[in-house]
Amino acid sequence: MHGMWVTEQAGVAGTAFHVPLTTSFTGELDIPALRTACGRLVARHPILAAAIRDDGALIPSGAPPELIVEGSTVDIPEEIARPFDLSAGPLARFRLVSAEPSRHVLVITAHHLGFDGGSKDILIRDLAALYRGAPLPHVGPSYLEHVAARQTRVDALLAEATTYWSAHWREPDPLLLLPGLRGTPVRAEPGADLAVPVDQRLIQQAAASVGVSVFELLLAAIHILLRRYGNPAPVVAIDVSTRTEQAREQIGLFVNELPVRWAPDGPSVADVARGLRTRLRELYRFREVPLARAVRGLTPRVALAPVSFSYRKSTVEPEFPGVAAAVDWLRFPGSARNALHLHAVDRPDALHMRLQYPPHALHPDAAARIAGHLGTLLGAIAADPGAAVATLPLLPAAERDRLVRRSPVSPAGATLLSAFDAQVRASPQAIAVTGPGGRLSYAALDGSSRRWAHRLRAAGVRRGDRVGIRLPRSLPMVVALFAIARAGGAYVPLDPEYPADRLAFIATDAGLRLTVDQFTVDRLMASPSADGPRLSTPTPDDLAYTIYTSGSTGRPKGVDVCHGALFGLLAAMRDPLGSTARDVWLSLTSLSFDISALELFLPLVTGGRVVLAPETSTRDGTALGELVRAEGVTHVQATPSGWRVLLAGGFHAPTIVAVAGGEALPVPLAAQLRGTVARLVNAYGPTETTIWSTTAEIEPPVTAAPIGTPLANTRAYLLDELLDPAPYGLPGELYLGGAGVARGYHGRPALTAERFVPDPYGPAGGRLYRTGDRVRYAEDGTLEFLGRVDNQVKLRGHRIEPGEVEARLLEHPGVTEAAVVVRGDDDPRLVAYVVSDAAAADLRSHLARTLPAPLVPNAYVALDRMPLTPNGKLDRAALPDPPRPAPVASAPQDRPQPATGLVARIAGIWQEVLRRPDIG
Ligand code: AMP
Ligand code: MG
């Protein structure tokens, strides 16, 4: 009681301690008799007429409460919420709201300081008896005598209770994980409530079969629900009854709120419930001791814990002769004390359970989903209390269906080539590509690619063969891509900037039939036109390209993407990006990033134009801005890191559609970028599901940068370890299905089977790619990217598996152990930790022989041994921070003159890329 009073004094309780009891009467209500009955009721239970002195002691109020009769103008929720003047009293009030002569609602509002759930039963029974003039049992000792006796018992138990709670009380984790919760309320807030369906008979049977009470089984279910939401040892505050046998007839406060912290980790629900029962038995010994007395320094608060549960049995029937009376036993006081309160009243007819919550912190849709989860869980527990905790279903059928719904599938059969051919027929003279070396019409691109395709056939390229392509961004590069496809082959980008060893590895691993490079091009161009056998158009199941990406086990892996997946992506991106025949795309991404395929091919299947950015300008914001204006570019795509460099270089293009993707888009960057372009689309997708899988339109004012919703032909599921959908709002691993799923990793069946799994929710034979990305649904239904479930990192747009770099380090004879991580928030660097006697420079050149530059660590830290977790694994978090790189000291006379013009721009770009101010 003291804690509640302190909370009231602090002014944070709102109406949370108002206990409403409403009774509806239909028929001839004898109002004078009801008024008399109310008076006698107050005389029998003086606590209803009490006030509270400044020191918290109970005293009689000046005026005892009387029944006030009013017309239907009274707003019942307002009446319940009307504040109490605790120092003046009384602690209860009675109002009769008469809508019609034969319909009345009696609204009794008592303050929790002198009232509780059990008092409701006593009040209704006594009031009805007094109304009909029936005898009542003796009330027994006064409420104050009970309070004094309890005080004595509490004092005697205090030392023991203090010991008990020092072992069992821990502040609840402030970060309660509840799907949709936006922060736990610290004061009472306007609340709302809704019903949780419970099958009384089945729950009773289940509880009996396990050997626990209904209350214990329900509390176990709430703990299991919270555990499933990701709270390892949830704390649930429960209302423990302190009513003694002598207080059976007494109205007053006979409950004590106590916390139950419990990790429901038993194998079955039955085990958890029995374990919980044992825990409760221990706690019940101290049931009368207020937690604030046993725990020193407990701050006064409206709720002990963010989740609470009250349960009571109620059997009283309102017997008012001549009128039909119905009591609302679960009437909600109107404010919520915490994030979630479950209120259960076990009546003879049904087990009623309601969930109370603050809509301000928990959206009503989110609350409804939680109620649905608890209902589903309880249904499953009732059906089989022996069920395993970890696999109990949580999601009602409707929510489950929505989370795994299918998206429409576009007409099959089309490919890049069939769609391109249609554009050639429609507007042969339209310009298809503009590049540094000139331009090509659709007809010219078509003709050249056919001629080259015949020669590739003559050189031995057959359907399904992989053909390397190693060309700078140029008109011949575009012709070659189409020629490879027309010859039935799949292109494999060989980035000229990669080390020779890596290119050799890719060539061997991919089994390249041949590589189209500058030399090949010269020969192709030189040879007379050859019209060989008819070229067969690839089908959707034929391979379009193989792109190599970092491999965690040490070897890069080739992702095999078919024409169906590629064209599906082009078709799905066309509408969200509004790409038409009037549009002009800038191509600036290296072929070894799959997103380059969108820049090159989407305009060419929609009748638009591609502008090839010269290799020298792809990081020069000013030059690209000029190119955009000169060529009328409408669409530009880059990674967030790429955009940052372009913006820093003065890129300004207020009319374009900007696509950002490939790594997390920071909100400040999104805001800055959105401010300089006409539209901004955040695109997300792994190479394994073909370029992009989800998109989000980022609108000003930019406060978040979600990854949005799945593209057409793509399904996105957030699943847990058992491939069950994660509840709406909670993090899950993203699994992607649909048209974009790649064939797999070339020549790596085991790895393919690990990452590409059968789709349990889609059409038969469908597959899902496990992205390794942690994602959740935001309230508006869009997906939010949260991070990785593994060690994979993105550094300046490059996908890096630390395991690959570690494997290369371990091949160095001087290295016995290696760990590679990204460190630094605003200036992320790849850092190698080694147990080694080799020099850093030595290690760096060793790595540079086989790894592309972005995979070569910037810093090397030698350790005596690697930090380990208690179970012997590498403790990545415990790796020390690397020393900051010392600025390169340069003597004043060496320092170059301040640069101007192009030199200044180049210096600026390098400063930005290398994040060092000292580059002259
Ligand atoms: P890649 O195969 O190179 O496209 O890399 C795919 C990975 O990059 C994804 O699995 C994500 O981890 C990350 N990624 C791609 N796009 C985004 C994005 N828009 N936001 C956050 N992460 C992204
Ligand atoms: Mg991607």
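In each ligand, atom 1 is the first atom listed, and ligand 1 is the first ligand listed.
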**Student:** Counting only heavy atoms, tell me which of A683, A664, A660, P666 gets closest to atom 19 (N) of ligand 1.
**Tutor:**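 The option holding the nearest heavy atom is A683.
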**Student:** Would you please classify the geometry between the H798 ring and the F593 ring as parallel, tilted or perpendicular, with 30° and 60° separating the classes?
**Tutor:**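 Geometry flag for H798 against F593: tilted rings.
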**Student:** Which option, D790, D773, V789, owns the non-hydrogen atom nearest atom 9 (C) of ligand 1?
**Tutor:**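 Minimum heavy-atom distance to atom 9 (C) of ligand 1 goes to D773.
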**Student:** Check this for me - ligand 1, T771, N or O atoms closer than 3.5 angstrom, yes or no?
**Tutor:**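 Between T771 and ligand 1 (N or O atoms, distance only) the closest approach is not under 3.5 Å.
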**Student:** So for I707, does at least one of its heavy atoms come nearer than 4.0 angstrom to any atom of ligand 1?
**Tutor:**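 Yes, I707 has a heavy atom closer than 4.0 Å to ligand 1.
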**Student:** Does the side chain of R470 pick up a donor-acceptor pair with the side chain of T515 at under 3.5 Å?
**Tutor:**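 The answer is no; no qualifying pair exists.
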**Student:** Would you say G685 has any N or O atom under 3.5 Å from an N or O of ligand 1, going by distance alone?
**Tutor:**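 In this structure, G685 places an N or O atom under 3.5 Å from an N or O of ligand 1.
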**Student:** Would you call the rings of F756 and Y745 parallel, tilted or perpendicular if under 30° counts as parallel and over 60° as perpendicular?
**Tutor:**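 Perpendicular.
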**Student:** Check this for me - ligand 1, T687, N or O atoms closer than 3.5 angstrom, yes or no?
**Tutor:**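 Yes - when backbone and side-chain N and O of T687 are compared with those of ligand 1, one distance drops under 3.5 Å.
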**Student:** Quick one: does E688 get an N or O within less than 3.5 Å of an N or O on ligand 1?
**Tutor:**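 Among all N and O atoms of E688, none is under 3.5 Å from an N or O of ligand 1.
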**Student:** May I ask you to list the atoms of ligand 1 that are less than 4.0 angstrom from any heavy atom of R799?
**Tutor:**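 Atoms satisfying the 4.0 Å criterion: 1 (P), 2 (O), 3 (O), 5 (O).
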**Student:** Got an N/O contact under 3.5 Å between N682 and ligand 1?
**Tutor:**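 Between N682 and ligand 1, an N or O pair is found under 3.5 Å apart.
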**Student:** Before accepting this row, confirm whether a basic side-chain N of the pair R679/E697 lies closer than 4.0 Å to the acidic partner's carboxylate O.
**Tutor:**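 Yes, charged N to carboxylate O under 4.0 Å.
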**Student:** Shortest non-hydrogen contact from G744 to T752?
**Tutor:**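 Scanning both residues, the minimum pair turns out to be CA-CG2, 3.7 Å.
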**Student:** Do any nitrogen or oxygen atoms of T549 lie less than 3.5 angstrom from nitrogen or oxygen atoms of ligand 1?
**Tutor:**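 Such a contact does not occur with ligand 1.
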**Student:** Using modelled atom types only, decide if a donor and an acceptor are shared between the side chain of N713 and the backbone of G738 within a distance under 3.5 Å.
**Tutor:**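 No, N713 side chain to G738 backbone: no donor-acceptor pair under 3.5 Å.
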**Student:** Just by distance, with hydrogens left out, do T589 and E599 show a side-chain donor and acceptor under 3.5 Å apart?
**Tutor:**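 Side chains of T589 and E599: pair found under 3.5 Å.
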**Student:** How does Y684 reach ligand 1, if at all, at less than 4.0 Å between non-hydrogen atoms: by side chain, backbone, both, or neither?
**Tutor:**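 It is both parts that get close, each with some atom under 4.0 Å.
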**Student:** Roughly how far apart are R715 CZ and L768 CG, rounded to 0.5 Å?
**Tutor:**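 Separation between the atoms: 7.0 Å.
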**Student:** Of the choices H798, E663, K794, which has the non-hydrogen atom that lies closest to atom 7 (C) of ligand 1?
**Tutor:**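 Among H798, E663, K794, the closest heavy atom to atom 7 (C) of ligand 1 comes from K794.
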**Student:** Take F505 and Y498, measure what ring pair (Phe, Tyr, Trp, His ring centres under 6.0 Å) needs, and give me the verdict at the end.
**Tutor:** CA-CA 11 Å; F505 171 87; Y498 284 0; over 10 Å; no
**Student:** For R788 and ligand 1, answer yes if some heavy atom of the residue is under 4.0 Å from a ligand atom, otherwise no.
**Tutor:**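 A heavy atom of R788 does come that close to ligand 1.
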**Student:** Under 3.5 Å between any N/O of L665 and any N/O of ligand 1: does that happen in this structure?
**Tutor:**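 By distance alone, the answer is no.
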